[in-house]
Amino acid sequence: MSRHVAIVTDSTAYLPPQARERHAITTVPLTVVIGDRALEEGTEISARSLAEALQKRRPVTTSRPSPETFAEAYREAAEAGARGIVSLHLSAEVSGTYDAAVLAAKDAPVPVRVVDTRMVGMALGFCALAAAEVAEADGSLDEVVAAAEKRVAGTSAYFYVDTLDYLRRGGRIGAAQALLGSALAVKPLLELDGGRIELREKVRTASKAIARLEEIAVERAGSGAVDIAVHHLSAPERAAVLADRLRERIPGIEELHVSEVGAVIGAHTGPGLLAVVVSPR
């Protein structure tokens, strides 16, 4: 690695493989546990397998990478020539991944700056790409961190789920909120707010909820240069239609990524997830 600052993130960034390879971003995998089998996200379990396990109501949990896994990634980056590392991770409010990275950074062979992006999915991925671009321009450790934090500050993530039950089971949303949604038979629209999953709006039907998700994304994007990501789990048609609508309605789109989320996020949202990330440049 010729550049001075290496970029490390985790598997919940859901970066397109070509972008990850082009920018030499190291991805540390989280783990999904189905029954008594622990499987690494991205290599050992697919979104389809995860969705099937959820539909069969098999016990599914997730776990963070170990500090030792991060230590190995940092060591390899240093051996490849990095003189500093910026390690960008999903919200510490929903995962212990950030804490594991902080522990590993203490004994790393080069300085490591660990950043809690308070994001997940391509909301995290866009931050990693912004950091990588500055690193490639020979930016300093501080400049790379600043680029990531600036991108974080402007990025928003909104999502629709068919049911709050999966988020409740995983402890990612309060039982009272989940019960309220079920009792009223409403379709929830959620957002990442300060790194937490918060209920933004309650809508009566799935079609109205998805239409509202589109409106929120258009309003948030404005008319300037912006990157958009549409995520889904077992809902490719919904995702394709939403992406086409956003492409028509948002004039400043620079990049638009459509992808299925991995098993870690899917385990907590369930099949039917539809999410939009809006990240102004």
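Given the structure is predicted, the values throughout are model-derived calculations rather than measurements. Position 1 is the first residue of the sequence, and the numbers go up from there.
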When you compare the side chain of [Y] with that of [X], does any pair of heavy atoms fall below 4.5 Å?
| X | Y | result |
| --- | --- | --- |
| Val144 | Ile7 | yes |
| Val145 | Val115 | yes |
| Val8 | Val86 | no |
| Thr27 | Asp10 | no |
| Glu40 | Ile45 | no |
| Leu189 | Tyr158 | no |
| Tyr14 | Ile265 | yes |
| Thr155 | Val278 | no |

Distance in Å, [X] [atom1] paired with [Y] [atom2], rounded so as to fall on 0.5 Å steps:
| X | Y | atom1 | atom2 | answer |
| --- | --- | --- | --- | --- |
| Thr12 | His268 | OG1 | NE2 | 10.5 Å |
| Thr97 | Leu90 | OG1 | CG | 4.5 Å |
| Leu274 | Phe159 | CG | CZ | 11.5 Å |
| Ile34 | Thr61 | CD1 | OG1 | 9.0 Å |
| Leu15 | Arg22 | CG | CZ | 10.0 Å |
| Arg37 | Thr31 | CZ | OG1 | 12.5 Å |

Hey, is [X] close enough to [Y] for a salt bridge, meaning N to O under 4.0 Å?
| X | Y | result |
| --- | --- | --- |
| Arg238 | Asp162 | yes |
| Asp193 | Arg196 | no |
| Arg249 | Glu214 | yes |

Short question: side chain of [X], backbone of [Y] - any donor-acceptor pair under 3.5 Å?
| X | Y | value |
| --- | --- | --- |
| Glu41 | Val264 | yes |
| Glu143 | Gly139 | no |
| Ser91 | Gly195 | yes |

Pair Phe126-His257, side chain to side chain contact (heavy atoms under 4.5 Å, CB included): steps then yes or no: CA-CA 10 Å; Phe126 285 133; His257 299 281; 3.7 Å; yes
Residue pairs passing the side chain to side chain donor-acceptor pair (under 3.5 Å) test where at least one lies in residues 98-119, sequence neighbours excluded: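 Passing the test, one end in residues 98-119: Arg113-Asp142.
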Treat each ILVMFWY residue as a node, draw an edge where side-chain heavy atoms are under 4.5 Å apart, and state whether [X] and [Y] are in one component.
| X | Y | value |
| --- | --- | --- |
| Leu124 | Phe70 | no |
| Leu54 | Leu190 | yes |
| Leu246 | Val258 | yes |
| Val102 | Val112 | yes |
| Leu213 | Val241 | no |

Leu273 and Tyr160: CA distance, side-chain angles, deciding distance, side chain to side chain contact (heavy atoms under 4.5 Å, CB included) verdict: CA-CA 6 Å; Leu273 164 74; Tyr160 160 83; over 6 Å; no
Nearest non-hydrogen partners of [X] and [Y], listed with the distance:
| X | Y | answer |
| --- | --- | --- |
| Val134 | Ala147 | CG2-CB, 3.4 Å |
| Leu129 | Ala19 | CD2-CB, 4.1 Å |
| Ile216 | Arg200 | CD1-NE, 3.4 Å |
| Leu30 | Ser11 | N-OG, 3.0 Å |
| Gly266 | Val261 | N-CG2, 4.0 Å |
| Leu88 | Ala128 | CD1-CA, 3.6 Å |

Donor-acceptor side-chain pairing of Ser95 and Arg64 below 3.5 angstrom: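 There is no such pair (donor and acceptor under 3.5 Å, judged by atom type) between the side chains of Ser95 and Arg64.
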His89 and Thr9 side chains, donor-acceptor separation under 3.5 Å: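 Distance-only check fails for Thr9 and His89.
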Derivation of the side chain to side chain contact (heavy atoms under 4.5 Å, CB included) call for Leu192 and Met119: CA-CA 7 Å; Leu192 280 174; Met119 295 291 172; 4.2 Å; yes
N/O donor to acceptor pairs below 3.5 angstrom from side-chain atoms of residues 224-234, sequence neighbours left out:
from	atom 1	to	atom 2	distance (Å)
Asp227	OD1	Glu255	N	3.2
Asp227	OD1	Arg281	NE	3.1
Asp227	OD1	Arg281	NH2	3.2
Asp227	OD2	Arg151	NH2	2.5
Asp227	OD2	Arg281	NE	3.0
Asp227	OD2	Arg281	NH2	3.4
His231	ND1	Ser259	OG	3.1
His231	NE2	Met122	N	3.0
His232	ND1	Ala235	N	3.1

Salt bridge (charged side-chain N to carboxylate O under 4.0 Å, His left out), paired with Glu201, selected from Lys208, Lys187, Arg212: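 Single pass found, and it is Arg212.
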